[in-house]
Amino acid sequence: MESKTQPDLGVAMIGHGFMGAVHSGAWESATHSFDLPLNPARRVLVGRGGPATAAAAKRLGWPEVADNWQAVLERRDIHVVDICTPSDSHAEIAVAALHAGKHVLCEKPLANTTEEASIMAEAAERASRSGVRSMVGFNYRRVPAIAQARAWIAAGRLGTIYHVRAAYLQDWAADPELPLVWRLRRARAGSGALGDLGSHVVDLAQFLLDDRVVGVTAIERTFVRERPLPDNGGWGEVDVDDCVAFSGGFANGALGTFEATRFAVGRRNALRIEISGSTGAIAFDLEALNELWYYDAREAAASAGFRRVLVTESTHPYSVEWLPPGHITGWDRTFTNEVADFVKAIGAGEAPAPSFADGLHVQQVLTAVSESASSDARWTPVDIQDRERAEVR
Ligand SMILES: NC(=O)c1ccc[n+]([C@@H]2O[C@H](COP(=O)([O-])OP(=O)(O)OC[C@H]3O[C@@H](n4cnc5c(N)ncnc54)[C@H](O)[C@@H]3O)[C@@H](O)[C@H]2O)c1
């Protein structure tokens, strides 16, 4: 499997919080699990100075630290910049890194606004002409059951797609005493549950259907308007959505209903997606991520029913040679698969997916959702061209 004789791919990772820890493991485990064309070498962990970065580097296994991300862009032994910072810094870091000729893996959502995402997508497109690769970290595409579902849908197993029902349910913000962390501030996070969780389900639905959301109607709510400030006492305003519900139309005619919330008490990390077509349906729940439920509408009604497929066979996507069937995988494994796909694409000189252009389209959907929610759920076309067309009509 792993071959240390392959040319190496020096990695600098920016940020060492939650995603920094998860990505650190993924860079390591990808080489143990997959036959990669290049050998990723974790080289520099970038933080914001102080002892925290050195402590994180020790804990997470990075040999060197830096206190600002600009420093790593000049290094010739760094080929990949992995962005694990909050989304207000994605655009600046990614555009500079691409400009410096570094491949970029950027956490989701791609950016905080459509404008930032457009600039990033343009920079990525320009860089790709010189072989510089970029990818957004929508890791749920790399759940084996999801990849399998996409393959079945592409093969026509569900027939004409009528419905997508997608919900991403968490409950960590339901406690009103929870401090005003960056995820609850518009200036840092762009939006609330919408950008954080909604971006995942929009990407997933578009990925599964290989289709685009073209218009939406949305409602948002902020249930807890003031929260304690994390550092200095006092209170601050929550200026993002706590939850959002929206309906969306797909270009091919399917209807999507979406929900993203941090207030679904008892639901810790439930990403559920169900797709109904003319000849079948699939259902998936992240809290049981090895399972894909499949319904074949062509079977005799008397014995038909959703059946559970355990997506761990060697013939299923992302199977690992040395893992026998039924030896189930976990949430963090999606990041291993993500890193492996990224490295394979770089090695093959191909464009990895999801691209920054895909990330931009998700951002355009999020922007349309916000606009609709702030105008009494008015139907809002997604991309600018569509909107202009609608105004002309
Ligand atoms: N794919 C997923 O399932 C998933 C899950 C959680 C978070 N995320 C995304 O990952 C990103 C980071 O989220 P997180 O949960 O790890 O946040 P976090 O708060 O746990 O960590 C953020 C890290 O970024 C560092 N940082 C911030 N600005 C920096 C700068 N300018 N230079 C260097 N370091 C900087 C912070 O010091 C911290 O180490 C966000 O975009 C978030 O949406 C994705």
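Values reported hereafter were calculated over all heavy atoms of this structure, with side chains retained and with hydrogens, waters and symmetry mates removed. When a ligand or atom number is given, it counts from 1 through the structure's own listing order.
With a 4.0 Å heavy-atom cut-off, ligand 1 is reached by the side chain of Trp182 but not by its N, CA, C or O. Looking at Thr85 against ligand 1, both its backbone and its side chain come within 4.0 Å, counting heavy atoms.
The closest donor-acceptor contact from the side chain of Asn290 to the backbone of Ile328 lies at 3.5 Å or more, if one exists at all.
Residue Lys108 holds the heavy atom nearest to atom 9 (C) of ligand 1 of all those in His90, Gln70, Lys108, His16. Nearest to atom 15 (O) of ligand 1 by heavy atom, out of Met19, Arg183, Glu338, is Arg183. Around atom 30 (C) of ligand 1, the closest heavy atom drawn from Met13, His23, Arg48 belongs to Arg48.
If you take CZ on Phe356 and CE on Met120, they are separated by 4.5 Å, rounding to the nearest 0.5 Å.
For the pair Gly17 and ligand 1, the shortest N or O to N or O distance falls below 3.5 Å. Polar contact with ligand 1: absent for Gly20 (N/O pair, distance under 3.5 Å). For a threshold of 3.5 Å applied to N or O pairs, the pair formed by Asp196 and ligand 1 contains no separation below that value.
Taking a cut-off of under 4.0 Å to the non-hydrogen atoms of Pro109, the atoms of ligand 1 that pass are 43 (O).
Ion pairing of Arg307 with Glu291 is absent here, as no side-chain N (NZ or NE/NH1/NH2) approaches a carboxylate O to less than 4.0 Å. A salt bridge does not link Arg141 to Asp341: none of the charged side-chain nitrogens sits closer than 4.0 Å to a carboxylate oxygen. Taking 4.0 Å as the cut-off between side-chain N and carboxylate O, Arg272 and Asp285 count as a salt-bridged pair.
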